[in-house]
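Some notes on the structure that comes next.
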Amino acid sequence: MLFSNCSSFRFFCSHCPSSMLHSLPKHIIKRRMLSLSSANMEAESASVLVLCGKSNVENEFALSLKSNNVLRFLDSNPVSICLHSEIRNLHCDSEGFQVDHYMDVLSTSQFGRFLMYSPRLGSTHDVVSHNFGELPIGAVCVADVQTKGRGRSKNVWESPKGCLLFSFTIQMEDGRVVPLVQYVVSLAVTEAVKDICQKKGIQHLDVKIKWPNDLYLDGLKVGGILCTSTYKSNKFNVSAGIGLNVSNEKPTTCLNATLQKLTPVAHELQREDIMAAFFNKFEDLYTVFMGQGFQSLEPLYYKTWLHSGQRVIVQDKNDNQDQVVENVVTIQSTFLFFRV
């Protein structure tokens, strides 16, 4: 069986039984090797979504999800579903997200263990939010390139290579604490970067939180957080999305560009290490948050945010709503979080 182009071979590989794939002559597989690189995917209308898990439990779930064909996609372009085990030996793109390395570093019991990966996707946030009921809690979707990334006020972003782009699922019962979970997510990002720098013995990258959900480094934005939620069956289904400039210097700067200025020896942070470290940190912070409230995390949060010592103008209206009173105040080490 011969294929006239790589696109046909990719389609075949993602849909045929693994036994049939293994029966192909080695010289054909080598010549028509399946590649999930973003560069190749950009020239094609179809997307590929790879499913995998940390353990046999998640891998069996991935197989069930693919077999039942229940995932829904808003993007008009077709999406082919395949298992990581089906393409592991054929995946040769060094620039794509390295799934095996990520799983080796991950040490959580729930978050990040079920993974959906695509070289090019419209929006990871759309994948998890529109398939929330079909996915395990803590499931994550990550992409190399995003063409319709979501931001605040329904802003749409195109995210290039070098960004860490992922979204994951959280489920909560107490609606009073749902608005605060974005702060836990932001804190987990800054703590993850700090943890990686410490373990590698390199200069600390002082990523800061700009309230409510932006991430800054040296006065420039390097990332952002988006959390959305829906209410169903007495529970809040929260989809949390993170975008972080790791290796792409444009349009502002990135972690690795700043790191190169700080250290004489060449060091680079990897997206896989950051995402695994994020979930390792988030799971611990989230446990504290749910058990003791956000006030137990506030001291750590205030060390990371940008606003302590800043002067702001607070506007207030009188009872008749016909006069606005302005007061200049200096933000101290506390902030007006909702207490629960």
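With sequence neighbours excluded, the residues that form a side chain to side chain contact (heavy atoms under 4.5 Å, CB included) with Asp100 are His84, Arg88. By the side chain to side chain contact (heavy atoms under 4.5 Å, CB included) test, Asp206 is found to be paired with His204, Lys208, residues two or more places apart in sequence or in another chain being considered. The ring pair (Phe, Tyr, Trp, His ring centres under 6.0 Å) check on Tyr102 picks up Phe97, with sequence neighbours excluded. Listed by chain and number, the residues in a ring pair (Phe, Tyr, Trp, His ring centres under 6.0 Å) with Phe73 amount to none (sequence neighbours excluded). When the side chain to side chain contact (heavy atoms under 4.5 Å, CB included) test is applied to Phe61, the partners found at least two apart in sequence or on another chain are Leu65, Phe114, Pro136.
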Exercise answer: donor-acceptor pairs, residues 194-203 side-chain atoms, under 3.5 Å, sequence neighbours excluded:
unit_1	atom_1	unit_2	atom_2	d
Lys194	NZ	Glu191	OE2	2.9
Asp195	OD2	Lys199	NZ	3.3

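Gln110 places a side-chain heavy atom less than 4.5 Å from the side chain of Ile137. Using a 4.5 Å heavy-atom threshold, the side chains of Asn237 and Thr169 count as separate. Counting only heavy atoms from C-beta outward, the side chains of Val127 and Ser167 never approach each other to under 4.5 Å. By the 4.5 Å heavy-atom criterion applied to side chains, Tyr117 and Cys52 are not counted as neighbours. For the pair Met172 and Met290, the minimum side-chain heavy-atom distance is below 4.5 Å. No side-chain heavy atom of Asp218 sits under 4.5 Å from any side-chain heavy atom of Lys261. Contact annotation: the side chain of Ile274 approaches that of Leu255 to within less than 4.5 Å [non-hydrogen atoms, C-beta and beyond]. Val246 has its side chain within reach of Asn256: a pair of non-hydrogen atoms, C-beta onward, lies under 4.5 Å apart.
Using bins of under 30°, 30° to 60° and over 60° for the plane-to-plane angle, the ring pair Phe236/Tyr231 lands in the tilted bin.
Here the straight-line distance linking atom CG of Leu244 with atom SG of Cys163 works out to 8.0 Å at 0.5 Å rounding. Rounding to the nearest 0.5 Å places OG of Ser239 at 8.5 Å from NE2 of His130.
Partner Met116 forms a side-chain contact (heavy atoms from CB on, under 4.5 Å) with one of Val50, Leu51, Asn131 and no other, that one being Leu51. For the side-chain hydrogen bond (donor to acceptor under 3.5 Å, both in side chains) with Lys221, the qualifying choice from Thr252, Asp214, Thr253 is Asp214, the only one to do so. When the options Phe282, Phe111, Phe278 are evaluated for a ring pair (Phe, Tyr, Trp, His ring centres under 6.0 Å) with Phe166, the one that passes is Phe278.
In this structure a side-chain-to-backbone donor-acceptor pair under 3.5 Å is missing from Arg120 to Ser47.
Hydrophobic cluster membership is shared by Ile209 and Val288, with clusters built from Ile, Leu, Val, Met, Phe, Trp and Tyr side chains linked at under 4.5 angstrom.
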